[in-house]
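Notes to accompany the following structure.
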Amino acid sequence: MGKIKTHKATAKRFSLTKNGKVKLNHTNRRHKLGLKTAKRKRQLRCNGYLSTSMAPAVKTLLGE
């Protein structure tokens with residue numbers, strides 16, 4: 001059986017940590033920032049982690 005190819009769109013959006021968690025950047029920080037509160041923009045700045053139920057699907061797309 002051949003190797004599983006990496007899904008490139010997924011690879012641009014997610015990365016894996018050393019412990020195997022799936023790390024992501026939050027969306028909604030590109031435009032229309034004047035409408036969003038400072039608290040909301042500050043919280044979107046931080047990285048997030050994917051839920052444990054969705055992580056296996058993304059890991060498959062990443063070729064892990």
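By convention here, the first residue in the shown sequence is residue 1.
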Quiz item: What pairs of residues pass the side-chain hydrogen bond (donor to acceptor under 3.5 Å, both in side chains) test when at least one of them lies in residues 52-64, not counting sequence neighbours?
Solution: S51-S53
Quiz item: Closest approach of R29 and K41, non-hydrogen atoms and distance?
Solution: NH1-O, 3.4 Å
Show the atom names and distances, to 0.1 Å, of all donor-acceptor pairs under 3.5 Å that link a side chain in residues 30-39 to residues at least two apart or in another chain.
{"from": "K36", "atom 1": "NZ", "to": "N28", "atom 2": "O", "distance (Å)": "3.3"}
{"from": "K36", "atom 1": "NZ", "to": "H31", "atom 2": "O", "distance (Å)": "3.2"}
{"from": "T37", "atom 1": "OG1", "to": "R40", "atom 2": "N", "distance (Å)": "3.2"}

Self-check item: Heavy-atom neighbours of K21 NZ exceed 12 at 6.0 Å
Solution: no
List the atom pairs, donor and acceptor, that lie under 3.5 Å between side-chain atoms in residues 5-12 and the rest of the protein, sequence neighbours left out.
{"from": "H7", "atom 1": "ND1", "to": "T10", "atom 2": "N", "distance (Å)": "3.4"}
{"from": "H7", "atom 1": "ND1", "to": "T10", "atom 2": "OG1", "distance (Å)": "2.7"}

Quiz item: If you round to the nearest 0.5 Å, how far is CG of L44 from OG1 of T27?
Solution: 7.0 Å
Exercise. With sequence neighbours left out, write down each residue that passes side chain to side chain contact (heavy atoms under 4.5 Å, CB included) with K23, or none if nothing qualifies.
Key: S15, T17, N47, Y49
Quiz item: Which other residues belong to the hydrophobic cluster containing M54, where Ile, Leu, Val, Met, Phe, Trp and Tyr are joined when side-chain heavy atoms lie under 4.5 Å apart, directly or via other members?
Solution: F14, L16, V22, L24, L50, V58, L62
